[in-house]
K.L.:
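What follows is a single structure, and I will ask about it in a moment.
Numbered from 1 within each chain, the chains take letters A, B, ... in sequence-line order. Only a predicted model underlies this, so the values are computations on that prediction, with no experimental measurement involved.
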Amino acid sequence: MMLDFKEELAKLVSSKFDSLKKEDILELIEIPPQEDMGDYALPCFKLAKLFRKAPNLIAEEITESIGNNQYFASINNVGAYVNFFVNREVMARTVLEEILDKKEEYGSANLGKGQNVVIDYSSPNIAKPFHVGHLRSTVIGNSLYKIYEFLGYNCIGINHLGDWGTQFGKMIAAYKKWGNDEEIRQEPIQTLLKLYVKFHEEAEKNPELENEGREWFKRLEDGDQEAERLWKWFVDLSLQEFNKIYDLLKIKFDYNTGESFYNDKMEEVVRLLKEKKLLKKSQGAYVVDLEDYDMPPCLILKSDGATLYPTRDITAAIYRKKTFNFVKALYVTDYSQSLHFAQWMKVIELMGYDWADQLEHIPFGRVSSEEGALQTRKGNVILLKDLLNKSIEKVRKIIEENNPELDNKDEVAKKVGIGAVIFNDLSNSKIKDIVFNWDRMLSFDGETGPYVQYTHARATSVLEKATYRVEKIKDYSLLTEEEAVNMIKLLQQFPEIVIKAMERNEPSFITRHIIDIAQAFNKFYHEYPILVDDREVQQARLLLVYGVKTVLKTGLALLGIEAPDKM
RNA sequence: GCGCCUGUAGCUCAGCUGGAUAGAGCAACGGACUUCUAAUCCGUAGGCCAGAGGUUCGAAUCCUCUCAGGCGCGCCA
């Protein structure tokens with residue numbers, strides 16, 4: 001385990017005062033806003049009651065009581081704060097040697113050893129195009145998968161495809177009327193979507209069509225051979241299209257079990273709900289009353305006896321608990337579904353399942369355009385395919401301008417172009433809405449994916465050109481410039497940032513942190529030559545560069561982004 | 001009408017389990033490539049933290065109300 005300065009600080013202070021417990025100190029420690037105030041600070045305001053003294057006097061007393069110490073170079077007090085300056089050489093050695101030792105595993109942990117986490121993400125609707133709105137669930141879920149895995153959990157990624165419902169009856173009806181196999185094979189999703197839209201247009205004029213759609217769905221549910229064959233065909237075609245995108249994004253799922261997977265499992269759940277006397281007839285439908293919990297009722301069965309969305313989610317949760325025995329099940333969807341999740345999760349609790357608190361909805365903000373909502377039917381959607389291609393294309397142009405000698409330009413352009421899109425999506429708090437804007441999307445300057453990737457490539461390039469090997473060094477006082485210390489501090493914080501990202505299910509913590517690291521590196525890079533003649537100095541700086549390169553690569557990987565060595 | 005979320009620089013956002021002088025990036029302006037990748041770096045300018053009360057030694061952060069925007073509130077998923 002790496003040396004933890006906070007821990008040492010708490011131990012140190014608590015050892016001097018009987019009334020202070022290590023844990024309490026740990027709670028109080030913070031990082032000062034300015035560097036000249038130290039690396040850690042202990043504000044003493046809250047100790048005033050305990051000591052019955054003014055905070056600044058307490059701070060003074062604590063400061064005086066601590067003498068020389070191997071981990072802290074100096075300790076002083078300013079007002080009510082005790083400021084700690086870590087011994088920079090000790091910090092540099094611990095952090096950099098740890099990275100050298102663990103390499104890309106630096107920051108990983110076994111917090112979740114032997115524990116399963118189910119993550120439900122992406123989940124696009126069959127026969128609908130994959131647009132920028134779907135990207136969010138996909139990349140957030142994928143990143144959470146990587147983060148949990150990095151911390152030792154065993155993850156199960158599920159793509160809960162929208163592959164069931166009345167719309168498939170309509171689709172089949174539309175196909176029977178106007179479908180053209182050849183056209184569908186060439187442009188499956190576009191063509192299916194066109195059929196779907198046409199169906200709705202025609203249905204306006206001729207309401208009889210709606211009945212035909214319902215009729216086909218009924219046949220599908222009853223296992224009619226033709227209906228099933230067509231449905232399966234639509235699903236396969238869509239999945240093939242989706243897989244092209246997933247391949248591009250390098251995203252995989254452990255299961256592609258869509259909504260239809262639970263068709264034959266819901267009856268049992270409805271029976272259970274009845275047995276537990278939770279089901280109540282209301283306006284013809286069956287619901288679970290949630291008035292005691294200040295929520296509207298949870299609809300379980302329609303008046304015609306058909307199941308609903310919550311029924312399926314409850315069934316899926318029970319199935320997944322049985323199958324994977326998860327300690328956590330995450331559902332990554334946009335926040336418009338928050339109430340829905342709160343409702344059915346409450347039903348799980350009311351059913352007596354003590355694991356209800358292991359279910360968690362991970363909501364994120366919605367994507368819209370400057371003109372308003374993105375709607376498939378309105379035709380103002382931005383297809384993810386188009387976005388990725390545009391991004392890759394732009395990167396390709398920049399490479400041609402900046403680095404025409406580069407070897408595999410297309411491959412690099414792909415990594416950077418896609419990285420830019422993913423990074424952009426994961427750079428703000430996930431709850432914030434996004435108004436899609438091409439210029440913003442395709443900007444590669446400043447706090448962007450390409451910036452971090454570029455920094456990584458720069459670092460890699462220096463290491464390649466180095467005269468000496470990267471290895472442990474003797475004299476860490478060679479790394480005490482302000483710019484170097486900043487970098488080392490950030491590298492040191494990386495492991496706790498990863499844990500925070502997991503605790504809050506917030507990949508943007510990692511995005512932000514690797515931007516900080518990249519900024520600190522670029523500043524140092526500009527200020528100090530690395531490949532200097534002096535062997536000792538060069539090796540010290542190389543070790544630092546190696547640390548940055550490694551952590552940037554790991555951080556990007558946790559976001560689901562590749563880090564090319566050259567760009 | 002009720003509930004949830006959001007409101008910080010011109011724009012996009014950090015900071016929100018209270019702590020020291022509110023930070024970045026973009027855009028604007030001015031600088032730095034004979035030197036390890038200028039997709040970079042440095043500097044200038046830009047703020048009544050939506051508004052009003054309250055709690056506190058201390059509030060962008062906690063509480064109450066108001067305003068603005070988004071989302072949701074029974075047979076879609």
K.L.:
Near RNA chain B, counting only heavy atoms under 4.0 Å, which residues of residues 455-466 of chain A show up?
P.N.:
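Heavy-atom cutoff 4.0 Å gives A:A457, A:R458, A:S461, A:V462, A:K465.
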
K.L.:
Quick one: which of B:G74, B:C71, B:C36 gets closest to the side chain of A:I530?
P.N.:
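Minimum distance to the A:I530 side chain belongs to B:C36.
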
K.L.:
How far does the P atom of B:U56 sit from the matching atom of B:G23, given to the nearest Å?
P.N.:
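About 28 Å, rounded to a whole number of Å.
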
K.L.:
Check the distance between B:G15's C1' and A:R504's CZ and give it to me in whole angstrom.
P.N.:
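Roughly 11 Å, once rounded to whole Å.
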
K.L.:
Just label B:C33 as syn or anti from its O4'-C1'-N9-C4 or O4'-C1'-N1-C2 angle, using within 90° of 0 for syn.
P.N.:
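Judged by the O4'-C1' to base torsion, B:C33 sits in syn, the angle falling within 90° of 0.
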
K.L.:
State whether A:K432 places a side-chain N or O below 4.0 Å from either non-bridging phosphate oxygen (OP1 or OP2) of B:G70.
P.N.:
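The answer is no; no side-chain N or O of A:K432 sits under 4.0 Å from OP1 or OP2.
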
K.L.:
Taking atom types as they are modelled, is there a donor-acceptor pair under 3.5 Å from the base of B:A20 to the side chain of A:N83?
P.N.:
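Such a pair is found, so the answer is yes.
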
K.L.:
Using the rule ring pair (Phe, Tyr, Trp, His ring centres under 6.0 Å), only one of A:Y121, A:Y331, A:F341 pairs with A:H361; which is it?
P.N.:
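For A:H361, the ring pair (Phe, Tyr, Trp, His ring centres under 6.0 Å) check succeeds only for A:F341.
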
K.L.:
Grab the CG-P distance between A:D304 and B:G74 for me, whole Å please.
P.N.:
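Whole-Å distance recorded here is 18 Å.
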
K.L.:
If each of A:K281 and A:V416 is mapped to the nucleotide of RNA chain B with the nearest heavy atom, which maps nearer the 5' terminus, i.e. the 5' end?
P.N.:
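Looking at the nearest nucleotide for each, A:V416 comes out on the 5' side.
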
K.L.:
Suppose you measure atom C1' in B:A52 against the same atom in B:C67; what distance do you get, rounded to whole Å?
P.N.:
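To the nearest whole Å, 10 Å.
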
K.L.:
Using the P atom as the reference point in each nucleotide, state the distance between B:U40 and B:C2 in Å, no decimals.
P.N.:
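The same atom, P, in both gives a distance of 49 Å.
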
K.L.:
Strictly under 6.0 Å, is that where the ring centroids of A:Y319 and A:Y262 end up?
P.N.:
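Yes; A:Y262 has its ring centre under 6.0 Å from that of A:Y319.
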
K.L.:
Looking at A:K53 and A:E61, is there a salt bridge between them, counting it only when a charged N and a carboxylate O are closer than 4.0 Å?
P.N.:
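Yes, A:E61 and A:K53 are salt-bridged.
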
K.L.:
Could you check whether A:K523 pairs with A:E482 (Lys NZ or Arg NE/NH1/NH2 to Asp/Glu carboxylate O, under 4.0 Å)?
P.N.:
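Between A:E482 and A:K523 there is no salt bridge, as every charged N stays at least 4.0 Å from the carboxylate O atoms.
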
K.L.:
Give the nucleotide from the list B:G74, B:A77, B:G72 with an atom nearest to the side chain of A:V287.
P.N.:
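Out of B:G74, B:A77, B:G72, the nucleotide with an atom closest to A:V287's side chain is B:G74.
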
K.L.:
If you check the A:P296 side chain, which of B:G74, B:A20, B:C73 turns out closest?
P.N.:
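The listed nucleotide nearest to A:P296's side chain is B:C73.
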
K.L.:
Looking at the side chain of A:I431, which of B:A20, B:C36, B:U6 is the nearest nucleotide?
P.N.:
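Nearest listed nucleotide: B:U6.
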
K.L.:
Can you tell me how far P of B:A77 sits from CD of A:Q167, to the nearest Å?
P.N.:
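Computing the A:Q167:CD to B:A77:P distance gives 7 Å.
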
K.L.:
Just compare B:A38, B:C41, B:A39 and give me whichever is closest to any side-chain atom of A:N522.
P.N.:
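Of all the options, the side chain of A:N522 is nearest to B:C41.
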
K.L.:
When you get a sec, tell me which of B:A38, B:G25, B:C26 is the closest nucleotide to the side chain of A:Y454?
P.N.:
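That would be B:A38.
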
K.L.:
Among A:V551, A:D516, A:T455, find the one that has a side-chain contact (heavy atoms from CB on, under 4.5 Å) with A:F521.
P.N.:
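For A:F521, the side-chain contact (heavy atoms from CB on, under 4.5 Å) check succeeds only for A:T455.
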
K.L.:
Out of B:U40, B:G25, B:U12, which nucleotide sits closest to the side chain of A:E447?
P.N.:
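My answer, after comparing the listed nucleotides, is B:G25.
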
K.L.:
Fill in the dot-bracket string of RNA chain B, one character per base: . for unpaired, | for a pair to another strand, ( ) or [ ] for pairs within the strand, taking Watson-Crick or G-U pairs under 3.5 Å.
P.N.:
(((((((..((((.....[...)))).(((((.......))))).....(((((..]....))))))))))))....

K.L.:
What is the distance, to the nearest angstrom, from the CZ atom on A:F509 to the C1' atom on B:G15?
P.N.:
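In whole Å, B:G15 C1' lies 11 Å from A:F509 CZ.
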
K.L.:
Determine: side-chain N/O of A:S508 to OP1/OP2 of B:A14, distance under 4.0 Å, yes or no.
P.N.:
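Checking B:A14 against A:S508, no side-chain N or O comes under 4.0 Å of OP1 or OP2.
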
K.L.:
On a whole-Å scale, what distance lies between the C1' atoms belonging to B:A14 and B:G7?
P.N.:
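Going atom to atom, C1' in each nucleotide, I get 15 Å.
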
K.L.:
Closest approach to the side chain of A:L339, judged atom by atom: which nucleotide of B:A14, B:A32, B:C73 is it?
P.N.:
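Taking heavy atoms from C-beta onward, the closest nucleotide is B:C73.
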
K.L.:
Heavy-atom nearest nucleotide on RNA chain B for A:P310 versus A:D294: which residue maps closer to 5'?
P.N.:
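The residue closer to the strand's 5' end, by nearest nucleotide, is A:D294.
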
K.L.:
Give me the ring orientation class for A:F436 and A:W438: parallel if the planes are under 30° apart, tilted from 30 to 60°, perpendicular past 60°.
P.N.:
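The arrangement is perpendicular - the two ring planes meet at more than 60°.
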
K.L.:
Does B:A77 have its OP1 or OP2 closer than 4.0 Å to a side-chain nitrogen or oxygen of A:K128?
P.N.:
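Checking A:K128 against B:A77: no side-chain N or O falls below 4.0 Å of OP1 or OP2.
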
K.L.:
CG of A:N77 versus C1' of B:A20: gap in Å, rounded?
P.N.:
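Between C1' of B:A20 and CG of A:N77: 13 Å.
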
K.L.:
Any side-chain N or O of A:N402 less than 4.0 Å from the OP1 or OP2 oxygen of B:A39?
P.N.:
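Indeed, a polar side-chain atom of A:N402 lies that close.
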
K.L.:
Should A:E464 and A:K566 count as an ion pair when the cut-off is N to O under 4.0 Å?
P.N.:
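Judged by the 4.0 Å cut-off on N to carboxylate O distance, A:E464 and A:K566 do form a salt bridge.
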
K.L.:
Checking contacts here: which listed nucleotide (B:C26, B:G70, B:G23) is nearest the side-chain heavy atoms of A:D433?
P.N.:
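Nearest listed nucleotide: B:G70.
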
K.L.:
Under the 3.5 Å rule, do the base of B:G25 and the side chain of A:S443 count as making a donor-acceptor pair?
P.N.:
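No, the side chain and the base share no sub-3.5 Å donor-acceptor pair.
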
K.L.:
Whole angstrom is fine here: how far is it from NZ in A:K46 over to P in B:A20?
P.N.:
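Nearest whole value for this atom pair: 12 Å.
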
K.L.:
Could you list the residues that satisfy ring pair (Phe, Tyr, Trp, His ring centres under 6.0 Å) with A:F130, not counting sequence neighbours?
P.N.:
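Partners of A:F130 under the ring pair (Phe, Tyr, Trp, His ring centres under 6.0 Å) test: A:H134, A:F242, A:Y246.
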
K.L.:
Which listed nucleotide (B:A39, B:A20, B:A14) is nearest to the side chain of A:A41?
P.N.:
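Out of B:A39, B:A20, B:A14, the nucleotide with an atom closest to A:A41's side chain is B:A20.
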
K.L.:
Would one find a side-chain N or O of A:Y451 under 4.0 angstrom from OP1 or OP2 of B:A38?
P.N.:
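Answer is no, no contact under 4.0 Å.
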
K.L.:
Locate the shortest heavy-atom distance separating A:L559 from A:L426; write the atom from each residue and the value.
P.N.:
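What the structure gives for the nearest pair is O-CD1, 3.5 Å.
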
K.L.:
For the pair A:K397 and A:E401, find out whether any cationic side-chain nitrogen is under 4.0 Å from an anionic carboxylate oxygen.
P.N.:
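A salt bridge is absent here (no side-chain N lies under 4.0 Å from a carboxylate O).
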
K.L.:
Which heavy atom of A:T315 sits nearest a heavy atom of A:K265, and at what distance?
P.N.:
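The pair with the smallest heavy-atom distance is CG2-O, 3.4 Å.
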
K.L.:
Take atom P in B:C29 and the same atom in B:A38, then report the distance between them in whole Å.
P.N.:
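Each nucleotide's P atom is 23 Å from the other's.
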
K.L.:
Look at the side-chain N and O atoms of A:K523 and state whether any lies under 4.0 Å from the OP1 or OP2 oxygen of B:U40.
P.N.:
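For A:K523, the contact criterion (side-chain N or O under 4.0 Å from OP1 or OP2 of B:U40) is not met.
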
K.L.:
Could you go through A:E496 and A:K500, starting from their C-alpha distance and side-chain angles, then the distance that decides it, and tell me whether this counts as salt bridge (Lys or Arg N to Asp or Glu O under 4.0 Å)?
P.N.:
CA-CA 6 Å; A:E496 45 182 301; A:K500 264 193 203 159; 5.2 Å; no

K.L.:
Could you state the OH-P distance from A:Y309 to B:C73, rounded to the nearest angstrom?
P.N.:
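It is 12 Å, rounded to the nearest whole Å.
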
